[in-house]
Each structure stands twice: as structure tokens, then as C-alpha cells.
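One structure is given here, and the rest of the page talks about it.
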4 protein chains.
Amino acid sequence: MPKVGMQPIRRRQLIDATLSTINDVGINDATIAQIARRAGVSTGIISHYFKDKNGLLEATMRDITRQLRDAVASRLKPLAQASTETRLLAIVEGNFDDSQVHSAAMKAWLDFWASSMHQPQLGRLERVSSRRLFSTLAAEFRRDLPREQARLAAHGLASMIDGLWLRAALSGEPFNLHIARTLTTQFIRQQLAGTESLRKEE
Amino acid sequence: MPKVGMQPIRRRQLIDATLSTINDVGINDATIAQIARRAGVSTGIISHYFKDKNGLLEATMRDITRQLRDAVASRLKPLAQASTETRLLAIVEGNFDDSQVHSAAMKAWLDFWASSMHQPQLGRLERVSSRRLFSTLAAEFRRDLPREQARLAAHGLASMIDGLWLRAALSGEPFNLHIARTLTTQFIRQQLAGTESLRKEE
Amino acid sequence: MPKVGMQPIRRRQLIDATLSTINDVGINDATIAQIARRAGVSTGIISHYFKDKNGLLEATMRDITRQLRDAVASRLKPLAQASTETRLLAIVEGNFDDSQVHSAAMKAWLDFWASSMHQPQLGRLERVSSRRLFSTLAAEFRRDLPREQARLAAHGLASMIDGLWLRAALSGEPFNLHIARTLTTQFIRQQLAGTESLRKEE
Amino acid sequence: MPKVGMQPIRRRQLIDATLSTINDVGINDATIAQIARRAGVSTGIISHYFKDKNGLLEATMRDITRQLRDAVASRLKPLAQASTETRLLAIVEGNFDDSQVHSAAMKAWLDFWASSMHQPQLGRLERVSSRRLFSTLAAEFRRDLPREQARLAAHGLASMIDGLWLRAALSGEPFNLHIARTLTTQFIRQQLAGTESLRKEE
DNA sequence: CATGAATGAGGATTCATTCAT
DNA sequence: TATGAATGAATCCTCATTCAT
């Protein structure tokens, strides 16, 4: 029963099925047949909408990076006039948004990270996303800190965010938002409070 | 040219070939044929020494976790009487040992991490390794800090270490040891210096 | 050239190719590639229709057991009112139907028998078929003989049928229907005629 | 620790291991490695004593046919002066000797039968054995019956013996010696008693 | 006489992709 | 638009055989 205007519906359906499949068996054991079955469509449909399997995976990765971008952007929007610390914490919160820390999302990110090491197309997407986090953080820190110090702080905070995420994913346990908040808050305050004594030695 | 006592030699050969192949094409595109060719042996030998491909991958992961363990242990050994900070920095340095931060090692870790999400056997190895880092750090922090604070600090430092590593791997650029040292040193000192004002608010 | 409704056609095609291949090289040297080539299709199609090689072999065995069942049933059908002897002879004739005694069929049976000793799935099929012959014969004998004697006669006749078959298969020569008829007819008449003098001594 | 005069010991060891392996996994899944392990020797030894796998299988088949021959011969030996019936029953008993009707032996026979359909060497051995049974039986019947009738009786008795054997093997249950004796005794007596009334009609 | 390391051909299976309907 | 039949390359694994020691 072909219908018109199915494209956005089918794409959504298939991306969701892809994420769900990745959650179950991982990106490498996710077969087109499995994804199609889960989406309730035939295998042929995938090439119709995404050209090939890579196209589907790329679209899926694009989807979760967009979700992350949105999660951050929506938290930052109402805080245009807020303090640097507040805005930094909002960015952190965005990265720990529900959409990003549930099991399926973390598995997908980890799988995409690994895949991106060997697939240029995915690598590009990953790099854009990774740099965006750094740039966003660096821009905020720059409001209160000198350039190099801001970059260092941004690098540190981005690493901590990703590290917290990574360890949560690998531990197999639910993401502990409380601990993540405590540690990132500490880090942000210390960076903004100045670290003269430490920097002296370098 | 069969000989006796080849086992350790062959195993080493094959694990090295596996790491090298993972570096080139990733764990999922690493075929038995490719690994065997690189090791200069026939494919059949792999099942002879490792039962099957999974056995080889597991042995390879075991190998890099052992390297990490050794890198940390060898740095810690001569510091039995040293200060907590010195010992913590030694642990960090161990994690950033050459054997761990060269491109091939980082790719292998990332691939193993992703695989460990879906392969129980690898997951177990990963969890052991991940927990060891946390325990080692927590034990050191515990010398100067109360229990809960030590655990928090350990979690934070472990996350930062893994995060720095992860972002380096994904960036495709060489690991910047200088920045990593600066950030981890900062973190350690601040944790050991006490964070009363921050903890008050929680 | 994909079409709809190909399933029954392809299954038939593949089962026939399997029987033909078994006839040529035996069940153990029958490779998927060979069967597929003979059927004029690709190897992949087998898993499409039969899941795997075992599925195909099972379906093939199911097919020849069904042929045997049909051969017996069709002979028995018009003989609802006939004498026990006539009906027993019809059952025997069914077992010696052309479909069962040509070289390919006999080889297939022998191969399946051997395989069924070590493959539970095939064993089950074999047992059903073997018991059906016994039950059918026993039911007929029961019309004229006491229970235990009927069972003994059924056992003996079934053994003679299978033995004639087996020795024909192993001899490599065409099945000698005349001798088979003579011997089974003798057996049936003697059983039905009563064997008091013999049974006395046991 | 090489020794002299090991040949007969090793051959016996390996043939027993082969039978045991066939009993467990069937002739087709019996690998050299498995057989060697079971015999407690290395794989290389097999080619040393039997040239190759086929040589071992052939020797094994030769072994069980010899056992059958011996079982019959030893029973017949003391009965040089006995009646035809007694001698025929002795032959039957030989075929149902313990060495022939235990599970492992029946599986081996069935496997060899199937293999012999496609392996000339084994086929030859099988044919010799099969014909020997027929000839032995025919010779006995010939003492009391005309030539053709004797041959028919021999064919029938051989078929019944093999059929009883086959059905026992396939049933998975222990060979029921009592039933086998009853049926074969019946058959022999009836053949020897004359079957004029039956033969009239052919 | 005996070992077991090493080979490599051969087979089953999987799966992305294509395409007639 | 949508299906699912069909392909066949790619991969892992098994295993008989060889042979240096």
C-alpha cells in the first residue's frame, strides 16, 4: 500500500529501528534484515531511503548528534544573560540529557566512536560533534579567562564529560547524574576561580 | 617447519599482528586471513593457538590490559614511600605510557570498548581493567581524604584520564601528554587541597 | 529474476537436487554448492528457504518419508473391505513402490538412517516413519491374530521388508521385486495360518 | 619413548578408539584428532600405522567383519554333525553375538553401510561380508532343500537378520534377542518344513 | 617410534545489494 | 512506494596431511 509523503515517517522509523538494533546487538552485528524487520518493513526499502547501509548509519549518527546539539541549545537559549558558570553547567546538563545517557544512546555513541576511527564519513561527523563541544565550552570560559587558560579549561571539561560518559557506558550501570554534576561543578568553579598557584609551575 | 616450544613465540606474533591489523582497519574489518598474512603464518594456526577468532581478540585485549597494568605498576613500585600526589601522578603517567597512547593502542582500546558492550567475555576483561584504575586511584586518595571524598576524587580522575584518552583517540592527532599532565595535576592537587567550600553546598 | 510465490517451486527444486546429489556422492559429500549448482540456483538461496544445510536435509528426508506414506496409503485406500492378507500385501507393495526402490531412494534412505543415529532431528523423523510401518502392520495382523502374536508378526514383517531393502541397496543391484514379493507373501500367509506348533515350544 | 613391537598394540588401540568415536559422533564427524586423543596418541601416528584416515576406517571395518566371521565360525565349529536347523540357528546366533549387537557395533555397521555406498574400498569389504552370510545360509539350506528354494530361503533369512538388526539400531533401544530368535526360528522351521502349498501358486 | 606444529584447501554461512513485480 | 526473491562475494572454521625434531 504505497503512500505519498512517507519519507519522513519511514526515515524516522528506520533510524529508530537502527538505534534499537544497535542497543541490542551492536553496530557490527546489526544487519539490514534485522533493522528492517524491527521497523516492520522490507529490506529493499532501506536502499530506497538511505541508498545503502552506510547511509542509514550515517543518518542515525547525524540523528543522535542533532539530539545532543538540541539538548544543549535548548538549555542555553533562556540563559543568554546568565553567568558563565550557569551557562557552563547548562552545557554540561545538555550533555547529560536523558536522550544521551540512556543505555541505548551510550552504546550507540560508543559504537559510532569506534566506527568513526575507520570510516571517514562517520569520523567527520564525530569530529564536528566533538569540536562543537570544545568550542562551546571554550567560548564560555573565554568570557572569564585568558585565551590559553580558557582552552585548557574547555579541554579539561570536555574530557571529563566524555570520560564520565564513557565509564558509565562501560560499567553497564545507569548513568549517575548526581556524581557527574558534582565533579563537573567542582571543575568549573575551580577553573573560574583561578588556578594561579598551579599555573605558576608550568 | 614445526618446532617445539613455539607457542609463546606464535602467540606474541599473532597478538602483534592483530593489534597492527586493528590499527589499520579496525577490529571489525580485521579478518583472520589478514592477521595471519601479517604474522606470516597460515590461517589455521590461529585456531591451533587461540581456538578461534574470538580467542585471539580476547588474548589481544588481555595483552593490552596487562601492558597498562605493568606500566602503572612499574612506576608505582619505586614510590612506596612517596607522597600521595607523587603516587597519583605516577598512576596517571602509567595510563599515558607510550604503550597506551600510540595510535594503534588507542584504536585498539576504543574498538575493544565498543566490542565489550556486546561481547560478555570482552566486557568482563574491560570491567576488571576499568575497576582496577578506579580502585588504585581511590586507595591513594584514601590516604589523605575521607572515604566518600576519596571515591569521588577517584571517579573524577579516572574519568578525566579516560576522557583525555578518548578525545585524543577520536581527534586523530597524537596524544598531547603535556596538556594531559597539566589537567590531571590540577585535578589531583585540588582534590588533595580539600574542597570544603564546594562540598558544603551539596 | 525474483518472483512471488516461488517458495514451493524452489523447495521442490532444491529437494530434488539434494536427492540427486545424495545419489551421486552420498549425504556426506553433498555440498551446498553442489546442490545449488544442480538446482541451477545460488548457494544463498538455500538458507533463504531452508535456513541451513540441515534444514534442507531434514526437508528432504521428510519428503521421502512422505512419499513412502503416500505409496502405502494410496494402495490401502481402495482396499477398505479387503482381506487381511490382501491389505498386508498392499502395505508391502507400498514399501516396494518405485519411488522407494530406485537406486537414488535407497541410497538416500541408507544415508538418512546412518545420519539419524547421530542427528536428533533426523532421528525423530526416522523413528516416526519406522514406527508407522510397525503400527500399520500390527493393526492389520491384529484383525486375525491375538495381540502379542500380531505384534510379533508385525515386527517380523517390518524387519523382512527393511532387510530386503537394505540388502538390495548394499548389493548395488536393482531391487528384485519378485523375490521380495515371494518372501513377504510366504511370511504373511504363515503368520496368518497360525503357528501354534511353533509357539508351543517357547 | 619409542618401543619395538608396538604395531599390533597401536593398531588395536586406534581401531578401538575409532569404534568408540564412531559410537559417539558417527563416522562422518569422527576426526583424526578426536580418535588420536581418545587413543592417547598423537595425530601423526595414524598415518604411520594406517597411511591415512581411510586406511584406519578400512581396518576398523575389517575388524568388525572379522569379529562377525569369528562369532559365526566359533559357533559352527562344534556342530559339524548337527542338524541343518541347529546349524542355521547357530549362524543366526553368531550374527546376534554380543560383539555385534551392542550399540557401538550397530552404529558402526550402519555407518559403514552408508559409507560403503560411496566408497569403493569399503563397498568391497561390505559386499564380501554380505555375500558370506548369504552363502553360508544357502549352503546349509541346500542340505535339505532344492537349489532355488535354498537360495530363496537364504535370501529371506539374511534379510530378516539384517532387518532385525537394522530396526534395533534405528530404534535406539537394546537389541531384543528373544524376539529375534523367535522370528528367525519360525522362519527356518517353515522353510525346512516345506512350503509346497505356497510355492504352488508362484 | 612418536610428537604436535603448520599448512591450506574446502565448506557452511552470512549479508549487503539488486531488481522484477 | 514497497516487497522479498535471488545473488555471490567474503569470512570463519575445520581437518586431513605433512614433516622437522
Side-chain angles (χ1 to χ4, degrees), chain A residues 1-7 9-10 28-37 40-49 51-56, chain B residues 1-7 9-10 28-36 40-56, chain C residues 1-7 9-10 28-36 40-56, chain D residues 1-7 9-10 28-37 40-49 51-56:
Chain A
M1 314 90 189
K3 293 176 192 165
V4 290
M6 291 300 281
Q7 211 191 29
I9 297 169
R10 284 276 181 265
N28 290 291
D29 292 336
T31 68
I32 287 222
Q34 220 175 341
I35 294 169
R37 198 179 326 122
V41 297
S42 70
T43 61
I45 210 71
I46 283 172
S47 66
H48 192 275
Y49 283 117
K51 167 135 177 90
D52 59 13
K53 192 188 180 184
N54 261 324
L56 174 56
Chain B
M1 317 84 195
K3 292 172 193 167
V4 291
M6 290 302 282
Q7 212 182 21
I9 298 170
R10 284 279 177 262
N28 291 289
D29 293 336
T31 67
I32 281 206
Q34 221 173 341
I35 294 169
V41 297
S42 68
T43 62
I45 210 71
I46 285 174
S47 69
H48 192 275
Y49 284 116
F50 295 97
K51 165 116 181 112
D52 58 12
K53 191 187 178 184
N54 259 326
L56 174 56
Chain C
M1 319 83 194
K3 292 173 194 168
V4 290
M6 290 301 283
Q7 213 183 17
I9 298 170
R10 284 279 178 265
N28 291 290
D29 292 335
T31 68
I32 283 208
Q34 221 173 341
I35 294 169
V41 296
S42 69
T43 61
I45 209 70
I46 285 173
S47 70
H48 194 275
Y49 284 116
F50 295 98
K51 166 117 179 108
D52 58 13
K53 191 186 179 184
N54 258 325
L56 174 57
Chain D
M1 313 91 188
K3 295 173 194 166
V4 290
M6 290 301 282
Q7 213 192 27
I9 298 170
R10 284 277 180 263
N28 290 289
D29 293 336
T31 67
I32 287 223
Q34 223 174 338
I35 294 169
R37 197 177 329 121
V41 297
S42 69
T43 62
I45 210 74
I46 284 173
S47 66
H48 191 275
Y49 283 114
K51 163 126 179 98
D52 58 14
K53 193 188 178 182
N54 261 325
L56 174 56

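Throughout, protein chains are lettered first and strands after them, A, B, ... in sequence-line order, and every chain is numbered starting at 1.
Between Gly40(C) and Gly40(A), the residue whose closest nucleotide on DNA chain F is further toward the 5' end is Gly40(A).
When heavy atoms are screened at a 4.0 angstrom cut-off, Tyr49(D) is found touching the sugar-phosphate backbone but no base atom.
Between Ile9(C) atom CD1 and dA5(F) atom P there is a gap of 12 Å when expressed in whole angstrom units. Rounded to an integer number of Å, the gap from Leu56(A) CG to dT17(E) C1' is 14 Å. As rounded to whole Å, 12 Å separates atom P of dA16(E) from atom CZ of Arg37(A). One interatomic measurement links the two molecules: CD1 of Ile46(B) to P of dT7(E), which rounds to 11 Å at whole-angstrom precision.
The shortest distance between the side-chain N/O atoms of Arg10(B) and the OP1/OP2 oxygens of dA6(E) is below 4.0 Å. One finds no side-chain N or O of His48(A) lying less than 4.0 angstrom from the OP1 or OP2 phosphate oxygen of dA2(F).
For the side chain to side chain contact (heavy atoms under 4.5 Å, CB included) test, residues two or more places apart in sequence or in another chain that qualify with Thr31(C) are Ala33(C), Gln34(C). Annotation: side chain to side chain contact (heavy atoms under 4.5 Å, CB included) contacts of Asn54(D) (sequence neighbours excluded): Asp52(D), Leu57(D), Gln119(D).
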- According to the Watson-Crick and G-U wobble definition with distances under 3.5 Å, which dot-bracket string, read 5' to 3', encodes DNA chain F, using [ ] for crossing pairs and | for pairs with another strand? .||||||||||||||||||||
- A correct 5'-to-3' footprint of nucleotides 8-15 of chain F, with B, S and - meaning base, sugar-phosphate only and no protein heavy atom under 4.0 Å, is BB-SSSBS
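Separation of atoms CG (Asn28(A)) and CG (Asp29(B)) is listed at 8.0 Å; rounding is to 0.5 Å. Atoms OG and CG, on Ser47(A) and Leu56(A) in that order, are 11.0 Å from each other to the nearest 0.5 Å.
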